[in-house]
Amino acid sequence: MKTVASPQILIVEDDPSVRTVASQTLELAGFAVQAVDSAEAALARLSVDWPGIVVSDVRMPNMDGHELHRRCKVIDSELPVILITGHGDVSMA
């Protein structure tokens, strides 16, 4: 019987504490987690056949989550990307 690997989640978060808590929570829920501290590091791991989803902070230095989302869609238009922030407002939503 063939087993299906658990979905991979790539967490992109510049705050080390938030990155650690998010990673541990998802790992305890049974997900395979990779965590990086920048959008640039995330892009280096992605390819058209990357089997997972990206969960990214919006506010990060150098490249924000919105730009990361745009670049992810160029790599793979069907790649699920979830943006999170602690600094959102109605216009951002």
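Hydrogens, waters and symmetry mates play no part in the numbers below; they use all other heavy atoms, side chains included. None of these values were measured; they are calculated from a predicted model.
- Under the 4.5 Å side-chain heavy-atom criterion for grouping Ile, Leu, Val, Met, Phe, Trp and Tyr, Val12 is connected to Trp50 within one hydrophobic cluster.
- Closest heavy-atom contact between Gly65 and Met60: N-CE, 3.9 Å.
- Cluster membership for Leu83 and Leu43, using ILVMFWY side-chain heavy atoms within less than 4.5 angstrom, is shared.
- Note on Ile84: it does not cluster hydrophobically with Val21, by side-chain heavy-atom contacts below 4.5 Å among ILVMFWY residues.
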Checklist entry - Could you go step by step and tell me if Ile53 and Ile82 meet the side chain to side chain contact (heavy atoms under 4.5 Å, CB included) rule? => result CA-CA 8 Å; Ile53 69 167; Ile82 299 171; 4.0 Å; yes
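- Formation of a donor-acceptor pair under 3.5 Å by the Lys73 side chain with backbone atoms of Leu79 is found in this model.
- The only option from Ile9, Leu28, Ile11 that meets the side chain to side chain contact (heavy atoms under 4.5 Å, CB included) definition with Ser23 turns out to be Ile11.
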Next on the checklist: Evaluate Asp64 against Arg59 for side chain to side chain contact (heavy atoms under 4.5 Å, CB included), listing each step before the verdict.
Outcome noted: CA-CA 5 Å; Asp64 70 12; Arg59 290 178 59 176; over 6 Å; no
Checklist entry - Hey, mind stepping through Asp76 and Leu46 against side chain to side chain contact (heavy atoms under 4.5 Å, CB included) and telling me if it holds? => result CA-CA 9 Å; Asp76 182 351; Leu46 297 176; over 6 Å; no
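- Distance check: Asp37 CG to Glu13 CD gives 10.0 Å after rounding to the nearest 0.5 Å.
- Both Val58 and Leu68 sit in one connected hydrophobic cluster of ILVMFWY residues. Membership requires side-chain heavy atoms under 4.5 Å apart, directly or through other members.
- The backbone N or O of Pro16 lies less than 3.5 Å from a partner atom in the side chain of Thr20, making a donor-acceptor pair.
- To the nearest 0.5 Å, atoms OG (Ser56) and CD (Glu67) are separated by 11.5 Å.
- Here Arg70 contributes atom CZ and Ile75 contributes atom CD1; the two are 13.5 Å apart, rounded to the nearest 0.5 Å.
- In this structure, CD on Glu40 lies 7.5 Å from CZ on Arg71, to the nearest 0.5 angstrom.
- Nearest heavy-atom pair, Ser38 versus Ala41, reported as atom, atom and distance to 0.1 Å: OG-N, 3.1 Å.
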Checklist entry - Given Asp57 and Thr85, is the side chain to side chain contact (heavy atoms under 4.5 Å, CB included) satisfied, shown in steps? => result CA-CA 5 Å; Asp57 188 9; Thr85 186; 4.3 Å; yes
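- In plain terms, the two heavy atoms of Val36 and Arg45 that are nearest each other are CG1-NE, 3.2 Å.
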